[in-house]
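Reminder, nothing fancy here: chain letters follow the sequence lines and each chain counts from 1.
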Amino acid sequence: MANNQSWIRSHTCGDARRDDSGASVVLAGWVMNHRDLGGVIFIDLRDRYGITQVVFRPEENRELAERAARLRMESVVAVKGTVGLRPADMVRGDLATGEIEVVATDLELLNDCRELPFMIRDDNDASDETRLKYRYLDLRRPVMQKNILLRHRVSQTVRRYFDHQRFVEIETPMLMKSTPEGARDYLVPSRIHKGCFYALPQSPQTYKQLLMVAGFDRYFQIVKCFRDEDLRADRQPEFTQIDVEMSFIDEDGIIQVVEGLMAAVFREAAGIDLPVPFPRMGYDEALLRYGNDSPDIRYGMEIEPLNELVGRSGFKVFDDTVSGNGAVRGFTLEQCGPLSRKQVDDLTEYIRGFGAKGLVVIQMKEEGASSPILKFLQPGVAEALTDRFSMRPGDALFIVADRPAVTAAALGNLRRHLAAAFGRIPDGTFAPVWVLDFPLLDWDEAEQRYTAMHHPFTSPKPEDISRLATDPGSVRARAYDLVLNGSEVAGGSIRNYRRDVQQLLFSTLGIDAETAERKFGFLMRALEFGAPPHGGIAFGLDRLVTLIAGETSIREVIAFPKTTSAFSLMDESPSKVDEKQLDELGITILKTEE
RNA sequence: GGGGUCGUAGUUCAACCGGUUAGAGCACCGGCCUGUCACGCCGGAAGUUGCGGGUUCGAAUCCCGUCGACCCCGCCA
């Protein structure tokens with residue numbers, strides 16, 4: 001056994017250069033690869049800083065070379081040696097350390113590695129299941145190290161930016177009061193108060209508002225949030241927000257601060273210059289032109305309203321939709337060539353998933369428009385449609401006729417689907433856009449009541465407040481979303497800072513005064529003690545980093561993510577706990593059939 | 001809660017319409033090889049075909065159930 005002290009590394013595996021030639025070094029790292037040529041042995045030693053080639057020469061030290069030959073992939077070793085220049089024709093241009101190699105004089109196996117479940121390489125194609133079970137190995141892969149380091153740089157840029165802008169980073173409780181609105185809470189039982197529960201925060205919303213009442217003026221926090229809802233590629237049960245709140249501010253003030261933040265993050269973490277200000281779009285316009293409230297403006301294929309063209313087309317589906325206050329809309333995919341019957345059937349099946357009953361496809365061919373519905377159309381209607389979109393041979397027009405919400409959803413999703421399938425989404429471009437003028441409320445069919453579209457503390461537009469009693473659905477919110485490449489990366493609002501307005505909103509949401517007092521009494525009280533006008537926004541940090549990294553799932557930028565069933569394959573949580581722990585909490589588990 | 005795709009060696013995949021001993025790459029083990037860099041060559045070991053049931057002379061393959069991973073709808077800002 002060697003004395004530990006003598007094996008402390010002098011350089012990382014990314015340090016040594018031509019200038020270090022002749023220097024004695026100690027390196028430590030993982031055996032990424034070893035090439036035993038029968039005599040000379042090469043080992044690629046890797047750490048998070050880089051890769052250095054180490055050479056063992058049996059003619060110089062037979063015993064050492066024999067030990068090197070026995071090294072397995074991913075064991076951890078320390079190597080003493082001398083930096084040497086590689087022969088000119090052996091220089092590797094693609095490696096920062098490609099001009100040198102370390103000629104080993106001694107080797108210490110710090111820890112062996114058993115047979116690996118997968119190769120530690122960027123192009124490894126291990127399943128998500130295996131990767132998550134051995135996440136610590138997955139994280140050794142250079143691409144994952146890159147993602148985690150990018151996330152670090154984004155976080156550091158955020159902190160630096162806000163600090164310079166005189167924001168205060170304040171931690172808020174992880175154990176808080178469960179509230180009825182919004183997502184399902186993760187609950188934490190209280191041992192001291194038996195039968196009572198804390199909730200993990202869905203967001204620090206109420207706390208940051210109280211910090212405004214406290215006079216902190218400009219607050220931010222990079223904070224974990226928890227929502228017990230079903231998962232998606234862009235949703236984990238715990239995720240990270242960049243949380244922001246400001247006093248004496250309006251929408252433009254928030255937007256300006258956020259645009260500055262985005263520009264700083266992209267410049268410093270990704271080396272990308274994002275032009276400000278970002279374009280802005282109304283909610284209604286987004287829904288009409290892009291089919292959803294998170295428009296991807298990196299490509300065209302914009303949706304057009306067609307009601308006035310097809311109101312008396314002769315095609316019953318169109319005519320009935322128009323006369324029944326429905327929406328007929330469409331968009332074109334240029335130069336896709338002729339679509340097969342099967343392709344059209346598959347696309348029709350796809351939009352049925354969004355509630356649409358059917359899809360009309362009109363294809364422009366050399367000899368003219370072609371579609372099964374042409375025979376039903378009055379003369380001139382087909383030409384009006386193809387003219388509207390300036391269609392050329394090879395283009396296809398997709399039309400949906402349904403209730404406006406269904407038409408929007410079907411075409412919005414179809415637009416994304418086709419853009420991706422036909423490679424119409426440009427790589428490496430970032431197109432931010434603000435979406436404004438959201439409705440304040442959403443009608444919940446299941447519960448037969450209005451719910452807050454953003455959250456119940458969002459302020460209505462002053463000029464719309466009077467309609468809260470008469471026509472709540474038409475009231476607009478002082479809310480704003482920041483959408484990046486079709487993904488919502490931030491959302492916020494100007495809040496209610498007067499108790500009477502907040503009270504009015506609660507009653508519109510069907511929350512009676514007694515319930516409001518029980519659930520939000522602390523906030524209502526605070527609003528009576530000189531609460532300043534305030535508003536804020538929260539970023540989804542995971543989503544933002546995912547986009548910058550060019551990944552498709554937020555799991556790729558989270559060190560230890562969970563599966564779609566909210567299970568951690570590595571440490572196998574959640575798990576059963578001891579009877580004794582439950583007894584202390586006064587909790588009994590209901591028997592379920594085995 | 002619903003829909004879709006998938007589950008075969010440590011791992012990534014193959015195995016035709018149900019057919020005889022379930023194959024291959026990488027990893028692992030052994031041998032050869034002195035300038036490789038995903039080194040090369042030769043050999044070896046390695047399988048509860050996720051699990052349970054059914055159909056059949058015969059099931060990785062067909063059917064039912066179940067568990068798990070991923071994507072989507074609902075849900076969630």
Among [options], the one nearest [X] by side-chain distance:
{"X": "A:Leu37", "options": "B:rC75, B:rA77, B:rG35", "answer": "B:rG35"}
{"X": "A:Phe354", "options": "B:rC73, B:rA27, B:rA77", "answer": "B:rC73"}
{"X": "A:Pro117", "options": "B:rG10, B:rC37, B:rA77", "answer": "B:rG10"}
{"X": "A:Thr564", "options": "B:rG1, B:rU12, B:rC70", "answer": "B:rC70"}
{"X": "A:Glu229", "options": "B:rC75, B:rG35, B:rC29", "answer": "B:rC75"}
{"X": "A:Arg35", "options": "B:rC70, B:rC39, B:rG74", "answer": "B:rC39"}
{"X": "A:Leu132", "options": "B:rA77, B:rC39, B:rC70", "answer": "B:rC70"}
{"X": "A:Ala183", "options": "B:rC76, B:rC37, B:rA38", "answer": "B:rC76"}
{"X": "A:Arg92", "options": "B:rC37, B:rU11, B:rA69", "answer": "B:rC37"}
{"X": "A:Asp481", "options": "B:rG35, B:rA77, B:rA69", "answer": "B:rA77"}

Between [X] and [N], does any side-chain N or O lie under 4.0 Å from OP1 or OP2?
{"X": "A:Arg121", "N": "B:rA27", "value": "no"}
{"X": "A:Ser127", "N": "B:rU11", "value": "no"}
{"X": "A:Arg232", "N": "B:rC73", "value": "yes"}
{"X": "A:Gln202", "N": "B:rA77", "value": "yes"}

### Aromatic ring proximity, centroids under 6.0 angstrom, A:Phe520 and A:Phe506
yes
Given the structure, check if the side chain of [X] and the base of [N] hold any donor-acceptor pair shorter than 3.5 Å.
{"X": "A:Arg227", "N": "B:rC76", "answer": "no"}
{"X": "A:Glu59", "N": "B:rU34", "answer": "yes"}
{"X": "A:Asp89", "N": "B:rG35", "answer": "no"}
{"X": "A:Arg70", "N": "B:rC29", "answer": "no"}

### Query
Can A:Phe118 be classed as stacking with the base of B:rU11, given a centroid separation cut-off of 5.5 Å and a plane angle cut-off of 30°?
no
Provide the distance between the two [atom1] atoms, one in [N] and one in [M], to the nearest whole Å.
{"N": "B:rG25", "M": "B:rC42", "atom1": "P", "answer": "10 Å"}
{"N": "B:rC26", "M": "B:rA45", "atom1": "C1'", "answer": "16 Å"}
{"N": "B:rA59", "M": "B:rG1", "atom1": "P", "answer": "34 Å"}
{"N": "B:rU12", "M": "B:rG18", "atom1": "P", "answer": "27 Å"}
{"N": "B:rA69", "M": "B:rC63", "atom1": "C1'", "answer": "24 Å"}
{"N": "B:rC67", "M": "B:rG52", "atom1": "P", "answer": "15 Å"}
{"N": "B:rC29", "M": "B:rC70", "atom1": "C1'", "answer": "35 Å"}

State which residues pass side chain to side chain contact (heavy atoms under 4.5 Å, CB included) with [X]; sequence neighbours excluded, sorted by chain then number.
{"X": "A:Ala419", "value": "A:Tyr299, A:Met301, A:Arg424, A:Ile425"}
{"X": "A:Asp122", "value": "A:Arg141, A:Pro142, A:Val143"}
{"X": "A:Val223", "value": "A:Met174, A:Pro204, A:Gln221, A:Cys225, A:Gln241, A:Asp243"}
{"X": "A:Gln205", "value": "A:Ser203, A:Lys208, A:Gln209, A:His455, A:Phe457, A:Arg495"}

### Query
With distance as the sole test, does A:Asn485 use its side chain to make a donor-acceptor pair with the main-chain N or O of A:Ala431 at under 3.5 Å?
yes
### Query
Do any N or O atoms from the side chain of A:Asn413 and from the backbone of A:Ala410 form a donor-acceptor pair under 3.5 angstrom?
no
Using the 3.5 Å cut-off, write out each protein N or O paired with an N or O of nucleotides 2-7 of chain B and the distance between them.
none

Have a look at [X] and say if it touches a base, only the backbone sugar-phosphate, or nothing, with a 4.0 Å heavy-atom cut-off.
{"X": "A:Glu101", "answer": "base"}
{"X": "A:Met453", "answer": "base"}
{"X": "A:Arg86", "answer": "base"}
{"X": "A:Gly182", "answer": "sugar-phosphate"}
{"X": "A:Met90", "answer": "base"}

### Query
With A:Asp47, which residues qualify under salt bridge (Lys or Arg N to Asp or Glu O under 4.0 Å), at least two apart?
A:Arg9
Could I get a table of every N or O pair under 3.5 Å where one atom is in the protein and the other is in nucleotides 66-68 of chain B?
| from | atom 1 | to | atom 2 | distance (Å) |
| --- | --- | --- | --- | --- |
| B:rG68 | O2' | A:Glu129 | OE2 | 2.9 |

### Task
State which residue, out of A:Leu541, A:Ile548, A:Asp542, fulfils the side chain to side chain contact (heavy atoms under 4.5 Å, CB included) condition with A:Val545.
A:Leu541
### Of A:Val103, A:Val55, A:Thr105, the residue whose pairing with A:Glu60 passes side chain to side chain contact (heavy atoms under 4.5 Å, CB included)
A:Val103
### Message
Suppose the criterion is ring-ring contact (aromatic ring centres under 6.0 Å, His included): which pairs have a residue in residues 400-419 of chain A, not counting sequence neighbours?
### Response
A:Tyr350-A:His417
## Note on the structure
Sorted by number, residues from residues 540-556 of chain A placing a heavy atom under 4.0 Å from RNA chain B are A:Arg555
#### Entry: Test ring-ring contact (aromatic ring centres under 6.0 Å, His included) applied to A:Phe398 - qualifying residues, sequence neighbours left out
A:Phe331
### Message
Between A:Ala566 and A:Gly353, which residue's closest nucleotide on RNA chain B lies nearer the 5′ terminus?
### Response
A:Ala566
### Query
Yes or no on side-chain contact (heavy atoms from CB on, under 4.5 Å) for A:Ile43 and A:Arg35, after CA distance, side-chain angles and deciding distance?
CA-CA 6 Å; A:Ile43 285 175; A:Arg35 297 174 291 279; over 6 Å; no
Side-chain donor-acceptor contacts of residues 64-73 of chain A below 3.5 Å, not counting sequence neighbours, with atom names and distances?
| from | atom 1 | to | atom 2 | distance (Å) |
| --- | --- | --- | --- | --- |
| A:Arg67 | NE | A:Glu63 | OE2 | 2.8 |
| A:Arg67 | NH1 | A:Leu107 | O | 2.7 |
| A:Arg72 | NH2 | A:Asp112 | OD2 | 2.9 |

### Summary
Taken in chain and number order and not counting sequence neighbours, the residues that satisfy side-chain hydrogen bond (donor to acceptor under 3.5 Å, both in side chains) with A:Asp427 are none
### Task
Could you check how far CG of A:Asp128 sits from C1' of B:rU12, rounded to whole Å?
14 Å
### Task
Quick one: look up who B:rA15 pairs with, Watson-Crick or G-U, both distances under 3.5 Å, and put none if it's unpaired.
none
